[in-house]
Amino acid sequence: MTLHCSVSVLYFARSAELSGVRSETLSVPQQLTSMQLWEKIVNKHPSLIAIRDHVLLAVRQEYILLGDQILFLQPGDEIAVIPPLSGG
């Protein structure tokens, strides 16, 4: 049996525009890979696929790369979806 927890997801800049929200609460498995977490977020907001190759996630204010990295989430953890930033 997979345990789930509620986490806060914060969307910044382009990710907020694409998702249509600035924050929300999602129920996700307590243990999953960073890619699985991204896929859960994209399942809720399919338009986010547009930034997939350039997006960063942060869990508890630490950047993580999308991939096989195992995450151990706790109820109330904060996940940030950070799109590419333009320089200039």
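More than 12 heavy atoms of other residues, nucleotides or ligands shown are found within 6.0 angstrom of CG on Asn43.
A pairwise comparison of heavy atoms in Ser15 and Val81 identifies OG-O, 3.1 Å as the closest pair. Heavy-atom minimum distance, Ser34 versus Gly67: OG-N, 2.9 Å. The two atoms that bring Arg60 and Phe72 nearest to each other are NH1-O, 3.5 Å, heavy atoms only. Of all the heavy atoms in Thr25 and Ser6, the pair that sits closest is CG2-CB, 3.7 Å. For Leu18 against Ile51, the heavy-atom pair with the smallest separation is CD1-CG2, 3.8 Å. Nearest heavy atoms, Ser47 versus Ser19: OG-N, 4.2 Å.
The line from NE2 of His4 to CD of Gln31 is 12.0 Å long, rounded to the nearest 0.5 Å. In this structure, CG in Leu32 is found 9.5 Å from CD in Glu39, a value given to the nearest 0.5 Å. Between the CZ atom of Arg52 and the CD1 atom of Ile41 there is a distance of 12.5 Å, given to the nearest 0.5 Å. If you take CG on Leu37 and CD1 on Ile64, they are separated by 6.0 Å, rounding to the nearest 0.5 Å. Considering CG of Leu65 and CG of Leu56, their distance stands at 7.0 Å, rounded to 0.5 Å. Taking NE2 of His45 as the reference point, atom CG of Leu26 lies at 6.5 Å (rounded to 0.5 Å).
Hydrophobic clustering (ILVMFWY, side-chain heavy atoms < 4.5 Å, transitive): Ile82 and Leu48 are in distinct clusters. By the criterion of side-chain heavy atoms lying less than 4.5 angstrom apart, applied directly or through intervening Ile, Leu, Val, Met, Phe, Trp or Tyr residues, Tyr11 is grouped together with Leu66 in one hydrophobic cluster. Hydrophobic clustering keeps Ile49 apart from Phe12 (ILVMFWY residues linked when any side-chain heavy atoms are closer than 4.5 Å, directly or through intermediates).
With contacts defined as side-chain heavy-atom distances shorter than 4.5 Å, the pair Lys40/Pro29 qualifies. Contact annotation: the side chain of Arg14 never approaches that of Val55 to less than 4.5 Å [non-hydrogen atoms, C-beta and beyond].
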*Test Ile79 against Leu73 for side chain to side chain contact (heavy atoms under 4.5 Å, CB included), laying out the working first.*
CA-CA 10 Å; Ile79 313 295; Leu73 301 176; 4.1 Å; yes

